[in-house]
Amino acid sequence: MFIVGSHKLFQCRTCRHQTSLTAGTLFQSTKLPLTTCFLAIYLISQAKTGLSALALKRYLGVRYPTAWLIQHKLMQAMSERETSYALSGPVQIDDAYLGGERSGGKVGRGSENKVPFVAAVSLDDNGHPLRIKLTPVSGFTIKAISSWAKANLAPNCSVSSNGLACFTAVTDAGCQHHPIVVGGRKPKELPEFLWINTILSNLKTSLSGSYHAFYFAKYASRYLAAFAYRFNRCFQLDTLSMRMLVATVTIGPRPADWLRSA
């Protein structure tokens, strides 16, 4: 065993190959002590409404670029973990946007600063939420929703939507579609979409309460996946930190250049 910097290197007696505890993991090549990485995992996993890089910087006592990198590494681990699950059973689905209008730019759905994403929640037999998906899409088109449904819905789902034409494409994934025309009603007047509206409201509160701003178009998938990851495990807080640790070990290295390229 050798000590290099703050990390130990282990050498095979036969082939003399050297490796470290972080080799092949999310934190490969990090110069931070493992205790700092473990603290970051705990803080981010337990933050109910999310944790900004600026707040993480203060808790860990590191520079902002270091905190940003740790945050995005962990959000990437959450994102890749979420892609392995599909929604099943009764599912509520809605179209949503991340971001607002730019000054002098287009308004409404045509705004250049808005990122379209699909919000979906699967329900149990009692109508309570089981799992959510928040997935950016290229737009609300038949082709985009068809691809989304095949990747995120289990066959034979019963999908309820607000009647937007593109949502008929969920049938391409072998799901049943039940459009409910919203008309001019407000979300609180739509008991059929109680949980999806509640989730979108909580998402808005979480993002506005934790982050001043972030690059919507580039990093939307990570921030949305991080919210979904915590929501889907909100009743397992005692094991959440360990589950995130397992994710960082199995995901493999994610270098800074790769993360910034999104």
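By the side chain to side chain donor-acceptor pair (under 3.5 Å) test, Asp124 pairs with no residue at all, sequence neighbours left out. Scored by the ring pair (Phe, Tyr, Trp, His ring centres under 6.0 Å) test, Trp68 finds His72, Tyr219 as partners (sequence neighbours excluded). When the side chain to side chain donor-acceptor pair (under 3.5 Å) test is applied to Ser206, no partner is found at least two apart in sequence or on another chain.
In summary, Glu80 and Arg254 engage in a salt bridge, as defined by a charged side-chain N under 4.0 Å from a carboxylate O.
Annotation for Asp125: atom CG does not count as buried by contact number, only 12 or fewer foreign heavy atoms lying within 6.0 Å. For Phe231, the CZ atom sits in a packed shell: over 12 heavy atoms of surrounding residues, nucleotides or ligands are nearer than 6.0 Å.
For the pair Gln28 and Ala23, the tightest heavy-atom approach, listed with the atom from each and the gap, is OE1-C, 3.6 Å.
With Tyr64 as the aromatic partner, Lys57 does not meet the cation-pi criteria of under 6.0 angstrom to the ring centre and within 45 degrees of the ring axis.
Side chain to side chain, Gln236 and Arg243 meet the donor-acceptor criterion of an N or O pair below 3.5 Å.
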Between Ser122 and Ser88, is the side chain to side chain donor-acceptor pair (under 3.5 Å) condition met? List the steps. CA-CA 6 Å; Ser122 61; Ser88 59; 5.7 Å; no

Mind running ring-ring contact (aromatic ring centres under 6.0 Å, His included) on Tyr97 and Phe140 for me, showing each step along the way? CA-CA 11 Å; Tyr97 292 84; Phe140 291 108; 5.6 Å; yes

Please step through side chain to side chain contact (heavy atoms under 4.5 Å, CB included) for the pair Leu26 and Leu74, ending with a clear verdict. CA-CA 8 Å; Leu26 187 68; Leu74 294 178; 4.1 Å; yes

Please determine whether side chain to side chain donor-acceptor pair (under 3.5 Å) holds for the pair His178 and Ser158, giving the CA-CA distance in whole Å, both sets of side-chain angles, and the decisive distance to 0.1 Å. CA-CA 7 Å; His178 304 286; Ser158 177; 3.1 Å; yes

Salt bridge (charged side-chain N to carboxylate O under 4.0 Å, His left out) between Arg131 and Glu82, intermediate numbers included: CA-CA 10 Å; Arg131 180 173 292 276; Glu82 282 302 293; 3.6 Å; yes

I would like to know whether Ser161 and His177 meet side chain to side chain contact (heavy atoms under 4.5 Å, CB included); could you show each step before the answer? CA-CA 8 Å; Ser161 78; His177 181 227; 2.7 Å; yes

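Rounding to the nearest 0.5 angstrom, the gap separating the OH atom in Tyr223 from the CG atom in Leu207 is 9.5 Å.
Under the 4.5 Å side-chain heavy-atom criterion for ILVMFWY residues, no single connected hydrophobic cluster contains both Val246 and Phe27.
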